[in-house]
Each structure stands twice: as C-alpha cells, then as structure tokens.
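First up is the structure itself, then whatever we jot down about it.
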Amino acid sequence: MPKISDYEGIIGAEELAKLKRLAEELRGLSLLHINSAKDGGGVAEMLHSLIPLFNELGLKTRWEAITGTPLFFHTTKSLHNALQGAEVAITPEMLEEYKRVNRQNAERLDLRADLVMVHDPQPAALIEHKRKGKWIWRCHIDLSRPDRGTWALLAQYLERYDAAVFSMEEFTQALPIPQFIVPPSIDPLSDKNRELPPAKIDEVYEKYGINRDKPIILQVSRFDRFKDPLGVIELYRLVRKEIPCRLVLAGGAASDDPEGAEVYQEVLKAAERAPEVYVLDLPPRSDIEINALQRGADVIIQKSLREGFGLTVTEALWKGKPVVATAVGGIKLQVIDGRTGLLANSIPEAADRVKHLLRYPELARELGQAGREHVRKNFLITRHLRDYLRIYSSLVTR
Ligand code: UDP
C-alpha cells in the first residue's frame, strides 16, 4: 500500500507539504464515503486508493457500499442511463424499491460521521436518514444532457445535502446548495498504473494468447453501451482495411451494473464477424493485467457516447500512450486535440485518427508524452485529495 511520502518523487516536496498542512486542520475528524460497489468502475477504483491515504493524513475514514436487490440495481442503472440522456421508463414500483433499499441500508449502516460523502445516485436517498455531520453528494456521471424528469426525481434528495461535487463545469445543475468542481484522478503508484517490467507485459499478452506481431488497438471499459464497444469494432474494421492490426476489448462487470452480461454477449457476437478481435472478460481486481494491456498497446481508444470522466483515458495517458477518443464529457478535460491525444466525432473519423497514429509513431510518442505531463499536473490522486480536503475544510467549522 503506497504511503503519502511515496508521492514526493512524482509531485515534489512542496506540493506534498501543502497537502499535509491542509490535512492537519482536519486531523481527527471522521469521514465516511458511501457508494454502491467495492469492485468495478471508476468510483471503486478511486476509493480503493483514497481511503488509506485519508486515514494516513489523520482523518478517521470509513468506506461503506450499499447492498440491494436485483430490482434496485435495475432501477439505479435506469436512473444512471436516464441521467446520461437515454430514454428509459422509471415506474412507481421501481421508485418505491429505490427508497425501500436506501431505507434498509440506513438501518444497516452506521451513518454517523463529521463528513459524509455519498457517491452517485444509487445511495443518494440516504440523505433522508441524516443525523449529524455535513453531507456532500459526489457526482461521477455525465450530466451534460440529463433527462429532465429523472433529474427532478433525484434533485429532491440532492437539495437536502450541504454541497455537491461535479467532475466538470458542464455537469453542474440548478441546485440550492453550493456546488464544487473536482475532476477525478488516478493513483500513479497503484497496481493499475505503476511501472511494469517489459517481461510482465509480454507475460500478460501471452496469457491471453494475443500475439503482438501486429499493432495492438485497445479499449478498456466495462461492457456498457455508453462505452460503445460495437462502435470500436466498426472502427477497427475500417483501420484493418488499410493497416494490419489486432483489437483487444478488455472489460468486466461491476456488481451494481446488471446490464453488463447482456452487452458482453452482444460484443462477443459482433467480434465473431471481425477477425483478430480479443474480447477479455476480466475478473475484478485484474489491475496488473489491465496495466500490462495498456502498456503493451500501440493505440488506446475511448469511444464513449457519454463519459463522466473516463479514468481509462487518464490511465492510458499516464502510460504515455497515444489516445483516440470521442469529445464527450470528462474526456474533453483530458484529451486536448492534437496536443495530448486525438479527438474524433464519428467512427470513420476515429478510424482515420488511429491510422494516422499507426503511420506516424513519432507523433504518437509526442502526444503520449504530452498526455503524461497533462495527467501529472492535473489528474493525480494527490491533487484530488487536496481538492476534497479544501471542500471539507470549507464545510466544517471547528
Ligand atoms: N476497469 C477494470 N476492469 C475492467 C474495466 C474497467 O478494472 O474490466 C477499471 C478501469 O481500469 C478504470 C475504471 O475501471 O480504472 C473505469 O473507470 P472509468 O472512469 O473509465 O469508467 P466507469 O466504469 O466508471 O464508467
């Protein structure tokens, strides 16, 4: 487990000292993070790294994940999809289950803390059971074009929080509470992101039977329609017409996402019709495997249709990889077109960008290096900790 001092080599002594000073003011306070899954997806990824560091910095920090029924998770996935702009029906029965499961979790969990940070819509209704402390709603999803009715359903809970945090300006909403902007981050010292010896990269590719005799195009994402895996296969077909290559789609399930298995089947079916596509359904905590796949890839794609932030993009940039991505949500903070990667708005455009990078490896290297610096300055966990500490500090009066 990395210690806070281990980050000094990456961010410098001064930045580290600032972080510690800020934490000193909050020493001894209790902090509780609540989300809906300890495995799968970006929120769990970040909390695994943030929680031990908060504790080391002196805040007594716990992490709880709510539990629920299949109908509850079907409901929350529908809420999630609607908030990202999809058309979905949410019935009164679903809403009743949403409230009931939140109520049940409120009875099961110890919600007492000086600061409670509730992540995403799934546990948002826990606010009805607030007893003490300051409650912050942390939104990780792409709220650029939410279904308005669904937003109104959620907003009735959010209004009761003390503050809300969004990943970018574009996602903020009309709410009667203070709103803060905090972009997500990666942990450069985690198994997902730390340096790996070349032999480890080879070993992982061999383990999955993927020959790197041709360039590797990779997308890492949960099997989710917003990540557009079928679009990735389409664009790969266009690239292959001109340049021999292989495609790797690496994904897995999140315990709070009931649609994953269905999307995975759709992807397998589409992959059968395209040669040399490797669809990997990875178990939770395949961090070193994903790290190695990213490091061994020639171009990394993120063809999302909506994206709260896209830690997979951050991970790729940190590894100095050239990225081709769609200009949606939080990806726009990370991929600055022509500087830290290439943006594309359609499948043919994305295919052209990938071909260009495969033809000009020097450009690919330059973009990758600039991407890594962009992440170092803006999207590392130490900056994220600092932003959270500042917000906590503004909310508690001691
Ligand atoms: N991830 C993983 N296994 C998978 C798919 C994704 O560990 O099979 C990780 C990925 O490396 C990243 C996170 O889950 O750290 C996904 O975060 P992102 O913000 O890209 O998307 P989300 O899944 O939260 O929508």
Side-chain angles (χ1 to χ4, degrees), residues 35-50 65 76-77 80-81 83-84 86 119-122 138-143 166-168 171 182-194 196 204 208 218-229 232 248-261 263-264 267 278-295 297 300-319 321 323 325-326 328-335 375 379-381 384:
N35 83 326
S36 60
K38 290 223 170 173
D39 283 310
V43 181
E45 179 78 19
M46 286 185 281
L47 288 175
H48 275 294
S49 290
L50 285 166
T76 55
K77 181 72 192 201
H80 173 101
N81 290 343
L83 291 167
Q84 294 208 134
H119 298 259
D120 281 342
Q122 298 92 326
R138 200 325 174 196
C139 175
H140 296 272
I141 61 185
D142 182 341
L143 281 181
F166 297 88
S167 295
M168 63 192 296
F171 299 158
V182 179
S185 67
I186 57 160
D187 181 354
L189 301 179
S190 67
D191 283 345
K192 180 69 64 65
N193 297 305
R194 66 180 164 84
L196 289 180
V204 168
Y208 295 114
L218 169 72
Q219 175 164 297
V220 176
S221 276
R222 289 178 298 104
F223 293 105
D224 181 315
R225 294 196 180 91
F226 283 122
K227 312 285 182 184
D228 199 16
V232 178
V248 181
L249 288 169
S255 56
D256 61 346
D257 177 5
E259 286 172 2
V263 177
Y264 174 62
V267 173
Y278 302 80
V279 183
L280 312 181
D281 182 15
L282 302 175
R285 319 227 168 144
S286 301
D287 294 351
I288 296 203
E289 282 79 0
I290 290 174
N291 187 344
L293 290 168
Q294 288 167 330
R295 288 183 189 277
I300 296 185
I301 312 268
Q302 192 60 49
K303 222 214 131 292
S304 304
L305 304 171
R306 293 282 193 283
E307 192 58 77
F309 185 66
L311 288 182
T312 49
V313 173
T314 336
E315 291 158 5
L317 295 176
W318 179 246
K319 295 171 181 96
K321 292 293 159 179
V323 170
T326 36
V328 297
I331 292 176
K332 292 183 284 181
L333 298 174
Q334 306 189 63
V335 178
V375 172
F379 307 122
L380 294 185
I381 189 168
H384 200 171

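All ligand and atom numbering here is 1-based and tracks the order in the structure.
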Checklist outcome for this item: The side chain to side chain donor-acceptor pair (under 3.5 Å) partners of S286 (sequence neighbours excluded) come to none

Checklist outcome for this item: Here the pair of heavy atoms bringing C139 nearest to S167 is O-OG, 3.8 Å

Checklist entry - In chain order, what residues pass the ring pair (Phe, Tyr, Trp, His ring centres under 6.0 Å) check against Y264, with sequence neighbours excluded? => result F223

Checklist entry - Partners of E315 by side chain to side chain donor-acceptor pair (under 3.5 Å), sequence neighbours excluded? => result Q294

Checklist entry - Around ligand 1, what residues show up once you keep those with a heavy atom under 4.0 Å from it? => result G41, G42, E45, K192, S221, R222, K227, G251, G252, I290, G310, L311, T312, E315

Item to check | Qualifying residue for side-chain hydrogen bond (donor to acceptor under 3.5 Å, both in side chains) with E307, from Q84, K227, Q334 | outcome: K227

Item to check | Under 3.5 Å donor-acceptor, N81 side chain and A86 backbone | outcome: no

